[in-house]
Amino acid sequence: RTTGEYALDILRRLREVSVENAQSENPIAVWERMSTTDTTAYCPLAFGYSNYARNDYRAHRLTFDVIPSAGHGPIGATLGGAGLAISARCADRDTALAHAAWVASAGCQRGLYVDSGGQPGNKRAWYHEHANRITNGYFRATLPVLENAWLRPRHLGFAAYQNIGAEIITRFLEGKTKPSATLDELDRSYRTHACP
């Protein structure tokens, strides 16, 4: 409870100094605003997208680094992302498997994949000089955050809980609920929607 109330207090204080509509924007909307206007210079926490660190992607190139720390290092972020899969109904599984293995290989990930604007899943690509050169050091700078991140649960119900939880926290940030009631509601919602 103490940690939860502390986290809510930090979110409340961040909201007080945030730009208008910040809590309703997803990370891409934030990066779009930051890379095309002069209204926002800093965003402490959001999913990263390496294309915004590339030269000539938008009017303003963004610089990424580790998340803010309270002296414990870059810990506490959530690791998200999308994957690559082969459908159970695939007509030519061997070809699909070979293609997926090639796409996931270090050679493709640090070359064609990153050159085409992709954000590699292969860790060796994050260390590769070429990938860092074309993204102005994005991968090397942000890798410590990923290495210390919390892996977002993938069990059935968690995605729904995440959306409901965001609504609950938004009501708190709008001053409609108190911290203790917010935590109670988050707990009830988790037990209802996300308990594996």
Decide whether [X] and [Y] are clustered together by the hydrophobic rule: side chain heavy atoms of Ile, Leu, Val, Met, Phe, Trp, Tyr closer than 4.5 Å, transitively.
X: Tyr57; Y: Tyr113; value: no
X: Trp126; Y: Phe47; value: yes
X: Val145; Y: Leu45; value: yes
X: Val30; Y: Ile28; value: yes
X: Leu143; Y: Ile75; value: no

Quick one: are [X] and [Y] in side-chain contact, heavy atoms under 4.5 Å?
X: Phe139; Y: Lys123; result: no
X: Trp31; Y: Cys43; result: yes
X: Leu183; Y: Arg1; result: yes
X: Phe64; Y: Asn136; result: no
X: Thr36; Y: His60; result: no
X: Thr170; Y: Arg15; result: no
X: Leu186; Y: Arg191; result: no
X: Leu11; Y: Glu16; result: no

To the closest 0.5 Å, what do you measure between [atom1] ([X]) and [atom2] ([Y])?
X: Asp65; Y: Arg140; atom1: CG; atom2: CZ; answer: 12.5 Å
X: His130; Y: Thr135; atom1: NE2; atom2: OG1; answer: 9.0 Å
X: Asn51; Y: Ser116; atom1: CG; atom2: OG; answer: 12.5 Å
X: Leu8; Y: Phe172; atom1: CG; atom2: CZ; answer: 4.5 Å
X: Asn55; Y: Ile134; atom1: CG; atom2: CD1; answer: 10.0 Å
X: Thr63; Y: Tyr42; atom1: OG1; atom2: OH; answer: 12.5 Å

* Asked: CZ of Arg124: more than 12 outside heavy atoms within 6.0 angstrom?
  ->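 Atom CZ in Arg124 is not packed in, count stays at 12 or less.
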* Inspect the surroundings of CZ in Arg154 and state if more than 12 heavy atoms from other residues, nucleotides or ligands are less than 6.0 Å away. => no
Measure across [X] and [Y] and return the closest heavy-atom pair with its distance rounded to 0.1 Å.
X: Ala29; Y: Glu25; value: CB-CB, 3.8 Å
X: Val66; Y: Ala141; value: CG1-O, 3.5 Å
X: Pro120; Y: Ala125; value: CB-CB, 3.6 Å

Taking the side chain from [X] and the backbone from [Y], do they hold a donor-acceptor pair closer than 3.5 Å?
X: Gln109; Y: Gly121; answer: yes
X: Thr37; Y: Met34; answer: no
X: Gln119; Y: Gly48; answer: yes

Table please: side-chain donor-acceptor pairs of residues 96-106 below 3.5 Å, with sequence neighbours left out.
| from | atom 1 | to | atom 2 | distance (Å) |
| --- | --- | --- | --- | --- |
| Ser105 | OG | Trp102 | O | 2.7 |
| Ser105 | OG | Cys108 | N | 3.3 |

* To do: Under the side chain to side chain contact (heavy atoms under 4.5 Å, CB included) rule, what do Tyr161 and Ser189 come out as? Steps first, then yes or no, please.
  => CA-CA 7 Å; Tyr161 169 70; Ser189 179; 3.5 Å; yes
* Given Glu32 and Tyr52, is the side chain to side chain donor-acceptor pair (under 3.5 Å) satisfied, shown in steps? -> CA-CA 8 Å; Glu32 281 294 316; Tyr52 290 97; 2.4 Å; yes
* **No-hydrogen, no-angle side-chain donor-acceptor test under 3.5 Å, Arg110 and Asn122** =>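 There is no such pair (donor and acceptor under 3.5 Å, judged by atom type) between the side chains of Arg110 and Asn122.
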Sequence neighbours left out, cut at 3.5 Å: what donor-acceptor pairs do the side chains of residues 174-181 make with other protein atoms?
| from | atom 1 | to | atom 2 | distance (Å) |
| --- | --- | --- | --- | --- |
| Glu174 | OE1 | Lys176 | NZ | 3.1 |
| Thr177 | OG1 | Thr182 | OG1 | 2.8 |

* Check the pair Val114 / His128 against side chain to side chain contact (heavy atoms under 4.5 Å, CB included), numbers first and verdict last. => CA-CA 11 Å; Val114 76; His128 199 264; over 6 Å; no
